[in-house]
Amino acid sequence: MTRLVVTGVGANVWQFHSPGIAAIDATVVAVHDVDADRAKLVADELDCPVAASLDELLGHGADLAVVLAPHRFHADLVVTCLQARHHVFVEKPLTVTMTDADRMCDEADRQQRLLAVAFQQRTRTEVIRARELIAGGELGELQRVDLLATWPRKSGYFDTAPWRGTWRGEGGGVLVNQGHHDLDLLCHVVGPPASVLARTRTAVHPIETEDTAVALAEWSNGATGTIRVSTAETGEQQRLEVVGTGGRLRLTPGRLEFWRNAEDFRDYAAAPGDPYAAPRIDTVETLTGRDGRHVQLYQNLVAAIAGERELVAAGRSAALTTELAAALIMSGRLRREVSLPVDRAGYDELLLELAAR
Ligand SMILES: NC(=O)c1ccc[n+]([C@@H]2O[C@H](COP(=O)([O-])OP(=O)(O)OC[C@H]3O[C@@H](n4cnc5c(N)ncnc54)[C@H](O)[C@@H]3O)[C@@H](O)[C@H]2O)c1
């Protein structure tokens with residue numbers, strides 16, 4: 001049976017972890033939060049002790065540490081847990097700078113412990129199928145990628161915790177928080193772009209960080225696409241459309257549609273005959289999805305600890321999403337195209353400068 005400890009247990013997001021922990025029949029041996037009253041509420045429910053410090057928490061002999069504190073604390077907390085030889089499950093985003101992301105992933109390697117990140121949308125069955133179609137070459141050569149996601153929030157949401165919407169407390173806005181899930185789908189399903197040219201703005205909410213971001217993205221093969229995420233507008237909740245020479249797919253919450261071309265677009269374009277003849281679609285596949293909760297991530301994590309599965313969202317793959325968010329923020333602030341991987345020192349400097357304003 002998995003023995004686990006939780007830091008930042010007073011977090012709102014605990015509500016998603018509690019069913020996951022129940023699903024794997026794990027025992028919470030102790031909890032911690034810098035706000036001891038919040039920790040006590042959960043400890044009473046679980047009938048476990050409250051640790052007064054992280055060190056005390058890690059002295060309880062658990063196998064797994066779950067980190068739910070706000071993102072700016074993820075790197076230090078995760079590294080300390082890894083050094084205490086715990087596997088770690090950390091909430092998304094992995095962290096906010098690539099210097100920290102590298103440090104966390106390197107430590108996991110050094111300690112030979114698993115580092116899993118809470119990207120629960122990767123377990124949606126329609127997402128798994130979309131990734132499989134692309135990895136299996138069914139879309140042919142990548143041509144276009146469009147991502148749209150809206151997360152309408154009232155400005156009062158940003159008052160629910162002092163860290164929200166600040167450079168010092170959060171290290172970014174919609175790109176590192178809500179829309180980070182959508183950026184992760186793009187990286188996980190398609191792969192990250194090679195460069196981005198972004199415009200970021202604080203359109204509606206009285207916050208320091210961006211509430212809206214839009215970008216032109218380019219992949220290494222020359223394919224192009226757009227990214228738009230916002231907490232300041234309404235619209236489709238999430239849509240990822242990917243077009244290749246072999247077909248087109250559209251991913252929306254709970255649904256995947258895939259149109260397979262009868263022939264590769266390059267063969268269609270080169271073929272003689274009526275120049276206006278429309279390309280033929282061979283088959284249309286639609287899938288109604290399920291899953292996408294923390295429960296599936298916990299189930300995957302215990303299987304990975306037992307050596308039976310790969311992690312769905314390991315630190316290194318989550319770091320690709322950190323990298324994309326950083327590139328978008330950097331591009332938006334500097335108003336120029338930014339290539340991935342981002343300049344680590346340059347990004348650290350930019351965040352320090354933004355936090356000091
Ligand atoms: N996967 C998801 O869908 C999802 C959903 C919501 C939140 N999240 C992530 O979960 C994290 C927490 O978000 P939230 O909205 O639940 O936050 P929250 O503000 O509700 O709670 C954060 C908790 O962490 C505690 N804390 C702060 N600093 C700490 C430290 N250094 N050590 C230990 N505890 C500390 C606070 O006292 C508080 O109890 C964020 O990183 C967020 O992005 C993920």
Side-chain angles (χ1 to χ4, degrees), residues 5-21 30-43 45 50-58 65-81 84 86 88-97 100-101 104 116-124 127 149 151 153 156-166 168-185 188 207 209 229 231 237-238 253 291-298 300-301 312-313 315 318 321-322 325:
V5 289
V6 187
T7 183
V9 76
N12 201 32
V13 75
W14 166 250
Q15 64 184 301
F16 300 144
H17 287 260
S18 148
I21 291 167
V31 295
H32 168 252
D33 195 293
V34 288
D35 184 332
D37 293 339
R38 292 176 84 153
K40 187 167 179 324
L41 284 177
V42 182
E45 237 174 69
V50 174
S53 66
L54 184 62
D55 281 350
E56 188 185 313
L57 184 78
L58 296 173
V66 177
V67 176
L68 308 183
H71 6 300
R72 281 312 289 254
F73 301 104
H74 288 181
D76 287 346
L77 293 172
V78 166
V79 166
T80 306
C81 295
H86 289 58
V88 177
F89 184 29
V90 62
E91 257 307 335
K92 58 92 317 233
L94 172 66
T95 183
V96 293
T97 70
D100 278 343
M104 296 160 88
V117 184
F119 280 126
Q120 70 271 23
Q121 296 205 24
R122 291 191 186 191
T123 70
R124 287 163 46 190
V127 169
W151 297 77
R153 289 284 184 269
Y157 158 82
F158 296 96
D159 299 329
T160 60
W163 55 272
R164 294 192 202 284
T166 64
R168 188 185 298 276
E170 185 156 21
V174 64
L175 289 167
V176 300
N177 197 333
Q178 300 78 13
H180 206 68
H181 280 296
D182 313 293
L183 299 183
D184 184 63
L185 279 197
H188 182 62
I207 58 174
T209 56
V229 290
T231 55
Q237 189 184 330
Q238 180 186 67
D291 296 343
R293 293 178 305 132
H294 284 62
V295 167
Q296 284 84 43
L297 288 178
Y298 273 97
N300 168 255
L301 182 51
V312 166
T321 307
T322 310

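Order of appearance sets the numbers: ligands from 1, and atoms from 1 within every ligand. All figures in this text were calculated on a predicted structure; none of them were measured in a lab.
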**OP:** Could you tell me whether the side chains of Glu91 and His294 share a donor-acceptor contact shorter than 3.5 Å?
**Re:** yes
Original post:
Should you measure from each heavy atom of Val13, which atoms of ligand 1 turn up under 4.0 Å away?
Top reply: 4 (C), 5 (C), 6 (C), 7 (C), 8 (N), 10 (O), 16 (O), 44 (C)
Original post:
Non-hydrogen atoms of Pro93 versus ligand 1: any pair closer than 4.0 Å?
Top reply: yes
**OP:** Verify the neighbour count for atom CD of Glu56: are there more than 12 heavy atoms of other residues, nucleotides or ligands below 6.0 Å?
**Re:** yes
Subject >> Those atoms of ligand 1 less than 4.0 Å from some heavy atom in His181 >> reply: 1 (N), 2 (C), 3 (O)
Original post:
Which bit of Arg38 gets closer than 4.0 Å to ligand 1, counting heavy atoms only: side chain, backbone, both or neither?
Top reply: side chain
**OP:** Can you sort out which atoms of ligand 1 are near Gln120, meaning under 4.0 Å from one of its heavy atoms?
**Re:** 1 (N), 2 (C), 3 (O)
Original post:
Where does Leu68 meet ligand 1, judged by heavy-atom distances below 4.0 Å: at the side chain, the backbone, both, or neither?
Top reply: backbone
**OP:** State, with a plain yes or no, whether a side-chain heavy atom of His71 is found less than 4.5 Å away from one of Val176.
**Re:** yes
Subject >> ligand 1-proximal atoms of His180, by part, heavy-atom distance under 4.0 Å >> reply: neither
Original post:
Between Trp163 and ligand 1, which part of the residue brings a heavy atom under 4.0 Å of the ligand: side chain, backbone, both or neither?
Top reply: side chain
Original post:
For residues Trp151 and Asn177, is any side-chain donor paired with an opposing acceptor at under 3.5 Å?
Top reply: no
Original post:
Residues in side-chain contact (heavy atoms from CB on, under 4.5 Å) with Thr95, at least two apart?
Top reply: Ala75, Asp100, Ala101, Met104, Thr322
Original post:
Going by the order shown, which atoms of ligand 1 are within less than 4.0 Å of some heavy atom of Gly10?
Top reply: 39 (O)
Original post:
Between Trp14 and His17, what is the ring plane arrangement, given parallel below 30°, perpendicular above 60°, and tilted in between?
Top reply: parallel
Subject >> Polar contact flag for Glu91 and ligand 1 (N/O pairs, less than 3.5 Å) >> reply: yes
Original post:
Which ligand 1 atoms are under 4.0 Å away from a heavy-atom of Ala118?
Top reply: 1 (N)
Subject >> Option nearest atom 29 (C) of ligand 1 (shortest heavy-atom distance, choices Leu54, Val34, Leu57, Leu77) >> reply: Val34
Original post:
Just heavy atoms, cut-off under 4.0 Å: does Ala161 contact ligand 1 by side chain, backbone, both, or neither?
Top reply: side chain
Subject >> Heavy-atom proximity to atom 34 (N) of ligand 1, best of Ala36, Pro162, Gly8 >> reply: Gly8
Original post:
Under 4.0 Å from any heavy atom of Pro70, which atoms of ligand 1 are there?
Top reply: 22 (C), 24 (O), 26 (N), 27 (C), 28 (N)
Original post:
With a cut-off of 6.0 Å (strictly less than), are more than 12 heavy atoms of other residues, nucleotides or ligands near CZ of Arg168?
Top reply: no
Original post:
Taking only residues two or more places apart in sequence, or in another chain, which ones meet Arg124 in a salt bridge (charged side-chain N to carboxylate O under 4.0 Å, His left out)?
Top reply: Glu126
**OP:** Output the list of atoms in ligand 1 that are nearer than 4.0 Å to some heavy atom of His74, sorted by atom number.
**Re:** 41 (O)
Original post:
Do His188 and Val127 touch side chain to side chain, with heavy atoms closer than 4.5 Å?
Top reply: yes
**OP:** Check ligand 1 against His294 and write out every atom of the ligand that is under 4.0 Å from a heavy-atom position of the residue.
**Re:** 1 (N)
